[in-house]
Amino acid sequence: MTKEELPSSHEVDSTESSTSSNHQDVENVGNDEFSVKRYDPNADKKRLFYIFYVREHINYLNFVFYLLACLGSIMVVVYLSIVQPFVLRLILKVTANPGNITGELALYDEIIAVPATLFWGVLSDRIGRRPVYSFGFLFIGVALMCYSQVKNIYPQMLLCRLLFSLGTAASTCMMTGTLGDVAGGIHERARVAAIVGQFAGFGALIAGMVLVKVPYYLSLKYGGEIGGTKAALIIVGGSTVLLGLMLYLTMPSTGVGQADGVTGWFKKKVLKQEVQNEAEKELIAPWTLLMYGFKAGRDPRVALAYMSSFVARADTVLFTSFMSLWVIQYYVELGWCDPDKGTTCYPAAGGTHVLTGYGQGISLAFAPFFGYAAERFEKASVLSFAGLLGAIGSLPFAFTKNNPSDKSNLVFVTLTGIGQIGVIIVGMSMVNGLNVDPKYRGSVAGVFSFCGALSIMITARLGGYLFDAWMHGAPFVIMGIVHIIICLFSIYVRIVTPRLKREDIIREEKRLKKLEEDRIEAASALKHAEATSAGAFDAK
């Protein structure tokens, strides 16, 4: 069975079901060795690190650099979120309404990211994931280097942020899309998602604990905090460009030509040419690719995965951007962070370092737990638990009266980070099920990232306004609310999952019956053609 013959989203979620006619035993559907091999021909082809299966064309170098790409994607997103308040305060000397400015920049960022994620997703189904990933890192690196030279917020910083947005839209979209191309075993995708989530967490940890302090290590050589911050941006940006070039040489070549039908459609409908290539004879309009990603959300399980992207991206940006901003504002109100008066921002960087270390560092230890739990139990149940942890952590932290980096808040920050990593891992494993047609995997990943971009547009803008107008902990109130929402929706999906599995079984039985009928009909036609040809030969 080829990958094109795997069930589509309108047919069967073979990750959760098999062809057994026993409709009552829905809880154990799809866990037998036969169903794994039947629906996933690559399942017994190759193991990496004795942990999981990968597609037969994936080697160690491909997978290692894919993990580095995941690490780099999140690292630069978190790094800019942390360093931007320092740029506003130290380089541009902004003192009024920093929360509102941060929210506005995030809003404009996502206005570009929303269509960009859809574009990159569809494009990757035609030219492959590797070039899209590489372009994304090139855009990010150039944007970071330009950030060091900004003289004003509008238009210079805004233009840098928009270029950065184009790059992060590509890299985060491909992080999700490539996972499904790489992972081979049906029941091991949560395992691979856990490893990907762990490296993404390492990226956030490196940004918050290492890169945030680089400007202060460089300050002596480059004339103070301002010079150190500019130098750090150039170094990180240059390294990102280099990584983008390396990815083009080392990333697995996946997704190429999976949407050959788009080429066929363009040749026939636009260029008015005859389609000769067999792979292009199934015409696929570009908007069909795009709409498939949205239509896949009619399945509550896919819709839950999309919601997890909404929550995870909101977590990433709100946690890093406004936590850093909150710590800086706390020290500004104490008289620190003013180069004109000779006071440094180093205590604020240290506070951010501590919070990030606990929030992102400890959560990494729970990545394998969520990966195992997503394979062992219903994914919706695990996602509900992650949402609950995030709400328990972020809501009390929002109303703290102490220094945000005080030790009394570390337990809340840790719970928030654990909930965040759980939502990321389970969400990626859900959106990469075999119920997604491989021809449209990039499009589905695009919509997955689109939901994340949409969440930042809403939550970052609202969080920035409330940061100035209400209280500094307001963005974490928003985080708590979205975690409660995904917790409740996960409970609903868990309740309806048995019914969805029964429907999956019925659809799959019908599909297999039709395949068998088509096979018999084709064999009969071939036999009849051979008999006719033999009769004609005898007559001669």
Side-chain angles (χ1 to χ4, degrees), residues 47-54 58 60-79 133 171-185 187-211 243 247 251-252 305 308-309 311-313 315-316 319-320 355-377 379 382-383 385-387 389-390 393 413-432 445 448-449 452:
R47 269 194 181 274
L48 289 188
F49 308 108
Y50 302 99
I51 300 175
F52 49 83
Y53 290 113
V54 294
I58 305 298
Y60 283 94
L61 182 67
N62 295 150
F63 190 75
V64 167
F65 270 89
Y66 169 56
L67 293 180
L68 288 178
C70 297
L71 182 150
S73 297
I74 302 303
M75 182 183 71
V76 292
V77 171
V78 173
Y79 174 67
Y133 234 143
S171 64
T172 55
C173 178
M174 291 304 97
M175 182 172 70
T176 305
T178 307
L179 189 150
D181 296 328
V182 169
H187 300 291
E188 296 179 346
R189 294 198 170 178
R191 196 176 306 178
V192 180
I195 296 171
V196 169
Q198 206 161 20
F199 271 79
F202 278 131
L205 191 64
I206 291 170
M209 297 196 70
V210 179
L211 298 185
L243 178 59
L247 291 178
M251 279 284 290
S308 74
S309 175
V311 175
R313 287 296 300 278
D315 278 356
T316 301
F319 187 82
T320 54
L355 290 176
T356 305
Y358 277 86
Q360 303 292 344
I362 296 179
S363 67
L364 292 180
F366 287 82
F369 162 78
F370 282 109
Y372 171 78
E375 291 182 2
R376 180 67 179 82
F377 306 104
K379 293 180 176 61
V382 182
L383 195 54
F385 177 69
L389 285 180
V413 173
T414 301
L415 287 174
T416 303
I418 294 172
Q420 176 184 341
I421 198 74
V423 171
I424 291 172
I425 290 171
V426 181
M428 283 199 301
S429 68
M430 292 183 74
V431 84
N432 274 289
F448 184 80
S449 296

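When reading the values below, keep in mind they use all heavy atoms of this one structure, side chains included, and skip hydrogens, waters and symmetry mates. In this chain, residues are counted from 1 in sequence order.
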Thr172 backbone acceptor or donor facing Tyr133 side chain under 3.5 Å: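 No; zero donor-acceptor contacts below 3.5 Å.
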
Between the main-chain N or O of Ser73 and the side-chain N or O of Ser171, is there a donor-acceptor pair closer than 3.5 Å?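 No; judged by distance alone, with no hydrogens or angles, the pair does not exist.
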
Could you measure the distance from the [atom1] atom of [X] to the [atom2] atom of [Y]? Nearest 0.5 Å is fine.
| X | Y | atom1 | atom2 | answer |
| --- | --- | --- | --- | --- |
| Leu179 | Ile195 | CG | CD1 | 9.5 Å |
| Glu375 | Ser429 | CD | OG | 8.5 Å |
| Phe366 | Leu415 | CZ | CG | 8.5 Å |
| Met174 | Tyr66 | CE | OH | 10.0 Å |
| Phe448 | Ser309 | CZ | OG | 4.0 Å |
| Leu61 | Met251 | CG | CE | 11.0 Å |

Ile421 and Phe369: side chain to side chain contact (heavy atoms under 4.5 Å, CB included), yes or no, with the steps? CA-CA 10 Å; Ile421 198 74; Phe369 162 78; over 6 Å; no

If you take all heavy atoms of [X] and [Y], which pair is closest and at what distance?
| X | Y | result |
| --- | --- | --- |
| Gly390 | Thr416 | O-OG1, 4.2 Å |
| Ala365 | Pro368 | O-CD, 3.5 Å |
| Ile206 | Met75 | CG2-SD, 3.8 Å |
| Val426 | Val382 | CG2-CG1, 3.7 Å |
| Leu205 | Leu364 | CD2-CD1, 3.9 Å |
| Ala367 | Ala194 | O-CB, 3.5 Å |

Which residues share a ring-ring contact (aromatic ring centres under 6.0 Å, His included) with Phe370, sequence neighbours left out: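 Per chain and number, Phe370 pairs via ring-ring contact (aromatic ring centres under 6.0 Å, His included) with no residue.
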
Side chain proximity check, Met430 to Ser308, heavy atoms < 4.5 angstrom: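 A side-chain contact is absent here, since even the closest heavy-atom pair is not under 4.5 Å.
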
Are there more than 12 heavy atoms of other residues, nucleotides or ligands under 6.0 Å from atom OH of Tyr79?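 It does: Tyr79 OH has more than 12 such atoms within range.
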
Side chain to side chain contact (heavy atoms under 4.5 Å, CB included) with Ala200: which residues, sequence neighbours excluded?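 Only Ile74 meet the side chain to side chain contact (heavy atoms under 4.5 Å, CB included) criterion with Ala200.
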
